[in-house]
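First comes the structure, then the notes that go with it.
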Amino acid sequence: MSTANPGAQRVRTRVAPSPTGDPHVGTAYVALVNYCFARKHGGDFLLRIEDTDQVRSTPESERAILAALHWTGLSWDEGPDVGGPHGPYRQSERSAIYRRYADELLASGKAFRCFCTPERLEEMRAIQRAAGTPQKYDGQCCALSADESGRRAAAGEPFVVRMVVPDSGVCVVNDLARGPITFEYATVDMQVLLKSDGLPTYHLANVVDDYLMEITHVIRGEEWVSSAPKHLLLYEYFGWEPPVLMHLPLLRNPDHTKLSKRKNPTGILFYERMGYLPEALMNFLGLLLAPAPEGEEIFSIDALTRRLDLAKISLGGPVFDVAKLDWINGKYLHALTTEELMQRTQAWGFDRDRLVRIAELARARIERLSDLVPSAAYLFAGRVAVTKESFAGTKLADEALRKALALAMWRLDAERVFDKAAVERVLKGVAEALGAKFRDLARVYYVAMTGSPTALPLFDSMELLGRDICRERFRVALDAFGGVTAKEQKEWTRDLPPDEPNGAAA
RNA sequence: GGCGCCAUAGUCUAUCGGUUAGGACGCCGCCCUUUCAAGGCGGAGAGACGGGUUCGACUCCCGUUGGCGCUACCA
């Protein structure tokens with residue numbers, strides 16, 4: 001079914017992250033395969049920003065993703081920052097294109113306007129769920145006459161555009177690594193293509209862009225296999241040849257659940273701040289993509305490119321094993337000359353601006369020059385060692401203390417910009433929410449963030465440390481108290497925005 | 001619940017019907033060494049379960065179990 005012919009056309013792949021949070025290692029992983037595959041075949045690799053979700057997408061996130069991806073050492077031939085002949089590469093700038101294609105589907109009867117309210121849809125799904133039947137739009141608005149549909153739309157009634165899906169028959173998705181996967185159309189939903197805000201959903205934008213950008217191979221996360229039938233159907237409706245599809249297994253936490261921020265560091269920037277070298281991180285991710293010949297586990301992206309064979313990628317979801325990453329990173333570090341090591345260390349955390357800021361914070365607090373480095377050591381460390389005993393003297397009950405840590409961590413995650421002002425606002429807000437004086441909570445935060453009840457000023461320290469390191473230190477501190485139970489998490493996060501669904505790129 | 005994907009040591013993996021099931025991380029021991037690392041050498045440790053197919057299954061088929069994903073006007 002998906003039978004693009006790589007021999008006949010130039011291979012083009014893409015990575016298409018959604019700028020709705022921190023740059024995710026899953027994005028680097030997907031980018032790496034796509035990059036290597038394109039390079040291997042002398043083709044092009046592009047970067048596209050999938051920011052059709054107006055509510056969750058932010059420019060800060062987009063900037064961070066671009067920067068993080070550049071940090072990995074990967075480069076792309078076309079993208080929002082480098083341009084290219086198939087632009088724009090930001091979906092929010094392509095709305096008119098999607099609308100045109102949605103209209104085309106509407107005109108050919110392959111899509112229809114749906115005026116159903118969210119309430120009605122919810123009710124419908126509840127009934128289906130109770131009955132154990134597939135949850136799927138029941139087609140009510142599909143039966144509307146073109147006449148009525150047009151009239152209601154013209155009258156300003158809000159609607160979405162849904163795709164038509166056959167009610168019988170099967171769709172065979174040919175996955176490059178998994179072989180044919182069969183779906184009954186009866187289980188495929190009449191997916192929304194255009195939202196009531198006029199912007200497309202992933203499904204429409206993705207298919208239209210991959211076609212217009214001449215993508216030949218779509219290599220993406222496993223979370224997309226169940227929407228592949230919809231995508232294939234869209235290609236068919238438009239009369240386009242679909243690209244080759246390949247779904248990668250999802251990276252896992254040590255407990256084998258999908259890698260998630262609340263259980264594990266998932267940010268590319270976290271690894272950067274912890275002092276991992278990009279070549280080590282990519283080497284590690286590469287090890288999950290292509291088995292290494294015996295004794296050759298350290299290799300460059302170029303070497304990986306030569307060896308990569310999509311059909312041989314192992315399909316079990318690999319655990320992100322930090323111990324292995326540590327070993328690899330050590331190998332890279334040891335291979336550096338002393339001069340190189342000094343340079344990279346300096347570039348990593350000892351740039352002049354940062355040193356000046358630290359000196360300013362420390363100057364009034366030292367009595368000997370020999371005090372300075374020890375007083376700032378925690379700003380150059382990854383995790384700090386804390387135990388339950390470290391928090392003795394905070395005169396807070398365990399539960400309040402854990403809640404203070406957890407709320408701060410979660411609320412800080414929800415901040416768009418992580419700077420001194422945001423930290424101060426959030427931490428003081430938590431104190432207020434807990435009905436405590438910030439002064440009484442300060443010690444808790446000092447211990448968790450710096451490893452000691454006394455240190456350089458907290459808010460500045462946290463800004464210097466950055467969001468990822470702070471989140472990890474909060475986690476470590478919480479773990480010292482046995483972590484947060486699922487029940488507590490539910491109760492304590494009621495007023496918080498939900499965790500980002502995933503970071504793995506499309 | 002429905003649909004789909006996956007299944008070799010704690011972890012990442014090799015094996016494409018016949019092997020003492022190989023390697024790497026981690027772990028343990030030894031060597032080297034002023035300590036600790038690094039490095040070298042060695043060790044323990046695996047085919048989820050049950051049926052088939054076959055002269056012969058880790059490998060092919062079916063079932064069970066387990067894990068994961070999707071089930072949104074998010075991607």
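Only a predicted model underlies this, so the values are computations on that prediction, with no experimental measurement involved. Within every chain, numbering begins at 1; the chains are lettered A, B, ... in the order of the sequence lines, protein sequences first and strands thereafter.
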TODO: Could you give the distance separating U34(B) and A46(B) at their P atoms, to the nearest angstrom?
DONE: 39 Å

Open item on the list: Please compare S196(A) and T187(A) by the position of their nearest nucleotide in RNA chain B and report the one closer to 5'.
Closed with: T187(A)

Open item on the list: I want to check a possible cation-pi pair here: R152(A) against F115(A), using under 6.0 Å from ring centre and within 45° of the ring axis as the test.
Closed with: yes

TODO: From the options A72(B), G2(B), U13(B), select the nucleotide whose nearest atom is closest to the side chain of R125(A).
DONE: A72(B)

TODO: Tell me which nucleotide among G4(B), A75(B), C12(B) gets nearest to the side chain of V225(A).
DONE: G4(B)

TODO: Return the nearest nucleotide to the side chain of A323(A); candidates are G69(B), G26(B), G67(B).
DONE: G26(B)

Open item on the list: Please classify the nucleic acid contact of T182(A) as base, sugar-phosphate, or nothing, using heavy-atom distances under 4.0 Å.
Closed with: sugar-phosphate

- [ ] Just compare G69(B), U71(B), C73(B) and give me whichever is closest to any side-chain atom of K195(A).
- [x] C73(B)

TODO: Ignoring backbone atoms, test whether K331(A) places a side-chain nitrogen or oxygen under 4.0 Å from the OP1 or OP2 oxygen of A24(B).
DONE: no

- [ ] Report yes if a side-chain nitrogen or oxygen of T52(A) is closer than 4.0 Å to either non-bridging phosphate oxygen (OP1 or OP2) of A75(B); otherwise report no.
- [x] yes

Open item on the list: Does V192(A) reach a base, just sugar-phosphate, or nothing at all? Heavy atoms under 4.0 Å.
Closed with: sugar-phosphate

- [ ] Please state whether the phosphate of U71(B), meaning OP1 or OP2, lies under 4.0 angstrom from any side-chain nitrogen or oxygen of Q128(A).
- [x] no

Open item on the list: Mind checking if K230(A) touches a base, just sugar-phosphate, or nothing, with heavy atoms under 4.0 Å?
Closed with: nothing

- [ ] Would you mind classifying the nucleic acid contact of P229(A) as base, sugar-phosphate or nothing, using non-hydrogen atoms under 4.0 angstrom?
- [x] nothing

Open item on the list: For Y89(A), does the six-membered ring have the charged nitrogen or CZ of R48(A) within the cation-pi criterion, i.e. under 6.0 angstrom from the centroid and within 45° of the normal?
Closed with: no

Open item on the list: Side-chain N or O of R56(A) versus OP1/OP2 of A72(B): is the shortest distance under 4.0 Å?
Closed with: no

Task: H256(A) side-chain N/O to U11(B) phosphate OP1/OP2 under 4.0 Å - done: yes

Task: R307(A) to F299(A), cation-pi by 6.0 Å centre distance and 45° axis angle - done: yes

TODO: Using atom CD of Q191(A) as one end and atom C1' of C3(B) as the other, report the distance to the nearest whole Å.
DONE: 15 Å

Task: Side-chain N,O (R252(A)) to OP1/OP2 (C68(B)) below 4.0 Å - done: no

Open item on the list: Nearest whole Å is fine: how far is C5(B) P from D175(A) CG?
Closed with: 10 Å

- [ ] Select one nucleotide: of C25(B), G69(B), C12(B), the one nearest the side-chain heavy atoms of S226(A).
- [x] G69(B)

Open item on the list: Do R471(A) and F270(A) form a cation-pi contact, if we require the NZ or CZ to be under 6.0 Å from the six-membered ring centre and within 45 degrees of the ring's axis?
Closed with: no

- [ ] Could you tell me whether F183(A) contacts a base, only the sugar-phosphate backbone, or nothing, with contacts defined as non-hydrogen atoms closer than 4.0 Å?
- [x] sugar-phosphate

- [ ] Taking only the side-chain heavy atoms of P118(A) (C-beta and beyond), determine which of C73(B), A14(B), U11(B) contains the nearest atom.
- [x] C73(B)

TODO: Please report, rounded to the nearest Å, how far the P atom of A24(B) is from the CZ atom of F299(A).
DONE: 15 Å

